[in-house]
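To keep things clear, I will list the structure first and then write my remarks on it.
On a predicted model such as this, the values are computed, not experimentally measured, just so you know.
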Amino acid sequence: MKRLILISLLIVILLPAGLRAQDAVPLDSAVVAALDSRLDEYFAALEREPVQVKIGECDFMLESCADPLVKQYVAVRIYDHFLGSKVMGDEAVAVHMVDDWFVPGKVSMYSDIDLMNAKIYAQFHRSSLIGMAAPRLSLRDRDGNAVEAPTEGAVSVLFFYDTSCSKCKLETMRLNAFLSAVDVPIEFFAVYTGAFKEQWEDYISFRWESPSPSVSFHHVWDPELESDFQMQYGVLQTPQMLLIDRDGTIVGRSLDTDALAQLLATLFEQPYEYGAESSSVLFDTLFGDGEPSAANILETAQYIKDSALERADSALCRHMLGDMMYYLMDTPGEEYKLALQTFITLYVKGDPDMWAAPSEQQRIARPAEVCMDLLGRVPVGSRIPKVKVQGVLLKGEGPVDLSAVRTFNLRRLRGRPSYVLFHTPGCSTCDLELEAVQGVFAKEPGARVLLVNPEENGMELLDTFDLSVLPFALSMDRRGTVLRKYISFL
């Protein structure tokens, strides 16, 4: 997100020139109205940003406020906004404001009572923010047996409720309908926050219904408050519902049933299969017969991204670009490889947020890093390394004797130009390239073609050239400067 510097600057200059901190007077109502308008605009622009971005932007905004009165007003407004925000995870910004601005005394709240309440809020929410490890609770079931929550290695839901809470009763009804149809394995903990067992038993009997077989349902409580669940999970009021993933990380808090359903669908979403045959057929159709230019390939990539984002479909954009990367990696040809290097630079390394999820890191970001390493070996314009290889040198048309192997220094082939073709026996595409080599000499009589079987050479070749897919061919001038890579003689 581009920092909204203009808004911050407007906040700073809104005060009349004569109004400064030493005047110790309340802010003028017109100034307050102008500040509120700008702040509302700022909060709206931040709404869809990640929590860490919101924190950074709010810090920047406060650091831009030169006047203490304005800074205090803006800080309290930030705190109040994120305290009451309906966006999941925004409470982390409110906690940050308490810990980094109000408690250290960088900005004062309007009263000691306000500061005390803010400290209590932060204390009750600090350990259960989105992205944190879920605290372990030791609770009791109806028979007094110990129950650990959440369950290790499983997706768990903690639902804190009270029998006298009308919102809890409504959410219980909604959860009953939802849990009866759940078809993914979850551990559900219905945590009664009160201390009256008879009321609890009645609630269980008359309000909770049997879930689907996929749900392991636990009725638990802690009447002596030994687990400190209020502090651990921020249970200042009920209902409070949290979702914990298999790794024990809090991925949802202050949820209702609808939000729980959406997050569960995300957690159990089947990984997209990149590079499937259907996607290869699609790109074969897009690029048609022959080899398109690298520019045309990249134009197609940009069109795919623009079209998907116009539809506000980030998943489609990610899947299509990921499929295209796999297609370019698997497709031989000089133009495809030229396009691939720029493609990764623009659409993978250039947009890390798109591939931030662990599954996308594993299936897209890391393969892209490996691919960039391979593509960057012996770059065009560099001199070929002084590597001695075992190979067969062809100087003109005629029979090819693959057994006539000799030792050659790659930098001293002295052809006009020189070609190096890495091939392997039993590879049908390699055999076709070997047959097509004869056509080089008719066009370039001074050419030299060195045929190299990597299996007859040491590991140095594998560390120097991109031999991930064979055949692999390059050309160079008389000085050994690489002119082209990934070429074909066909």
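- Under the rule for a salt bridge (Lys or Arg N to Asp or Glu O under 4.0 Å), Glu335 has no partner lying at least two apart in sequence or in another chain.
- Contact of the Arg77 side chain with the Phe43 side chain is registered, since non-hydrogen atoms from C-beta on lie closer than 4.5 Å.
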(request) Let me see the working for Tyr486 and Phe472 under ring pair (Phe, Tyr, Trp, His ring centres under 6.0 Å), right down to the final yes or no. (result) CA-CA 6 Å; Tyr486 302 103; Phe472 168 70; 5.1 Å; yes
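- With contacts defined as side-chain heavy-atom distances shorter than 4.5 Å, the pair Phe408/Val452 does not qualify.
- For an aromatic pair to be called close, the ring centres must be under 6.0 Å apart, and Tyr233 with Phe229 fails this.
- Nearest heavy atoms, Leu470 versus Cys430: C-SG, 3.9 Å.
- For the pair Ser212 (side chain) and Asp183 (backbone), a donor-acceptor distance under 3.5 Å is absent.
- Between the CZ atom in Phe159 and the CG atom in Leu242 there is a gap of 11.0 Å [rounded to 0.5 Å].
- A cation-pi contact, defined as under 6.0 Å to the ring centre and within 45° of the axis, links Arg246 to Phe268.
- Scanning for ring-ring contact (aromatic ring centres under 6.0 Å, His included) contacts around His423 gives an empty result, with sequence neighbours left out.
- Taking both residues in full, the closest heavy atoms of Ile304 and Met320 are given as CG2-CB, 3.4 Å, listed atom of the first, atom of the second, then distance.
- Summarising the geometry, atom CD belonging to Glu57 is positioned 11.5 Å from atom CG belonging to Leu62; distances are rounded to the nearest 0.5 Å.
- Distance alone, capped at 3.5 Å, is enough to place a donor-acceptor pair between the Thr331 side chain and the Tyr327 backbone.
- In this structure, CG on Leu483 lies 9.0 Å from OG on Ser418, to the nearest 0.5 angstrom.
- When all heavy atoms of Gln232 and Ser128 are compared, the pair lying nearest together is O-CB, 3.3 Å.
- Side-chain N or O atoms of Arg484 include none that pairs as donor or acceptor with a backbone N or O of Ala473 at under 3.5 Å.
- Remark: side-chain polar atoms of Glu171 are paired, donor with acceptor, to backbone N or O of Thr257 under 3.5 angstrom.
- Taking both residues in full, the closest heavy atoms of Ala447 and Val440 are given as CB-CG1, 3.8 Å, listed atom of the first, atom of the second, then distance.
- The two residues Leu461 and Val389 make their nearest non-hydrogen contact at CD2-CG1, 3.6 Å.
- Although no hydrogens or angles enter the test, the distance criterion places a donor-acceptor pair under 3.5 Å between the side chain of Asp323 and the main chain of Gly275.
- Partners of Arg448 according to the salt bridge (Lys or Arg N to Asp or Glu O under 4.0 Å) rule, which considers only residues two or more places apart in sequence or in another chain, do not exist here.
- The main-chain N or O of Leu375 is found under 3.5 Å from a side-chain atom of Lys485 such that the two form a donor-acceptor pair.
- Taken from CD in Glu433 to CZ in Phe422, the straight-line distance is 13.5 Å, to the nearest 0.5 Å.
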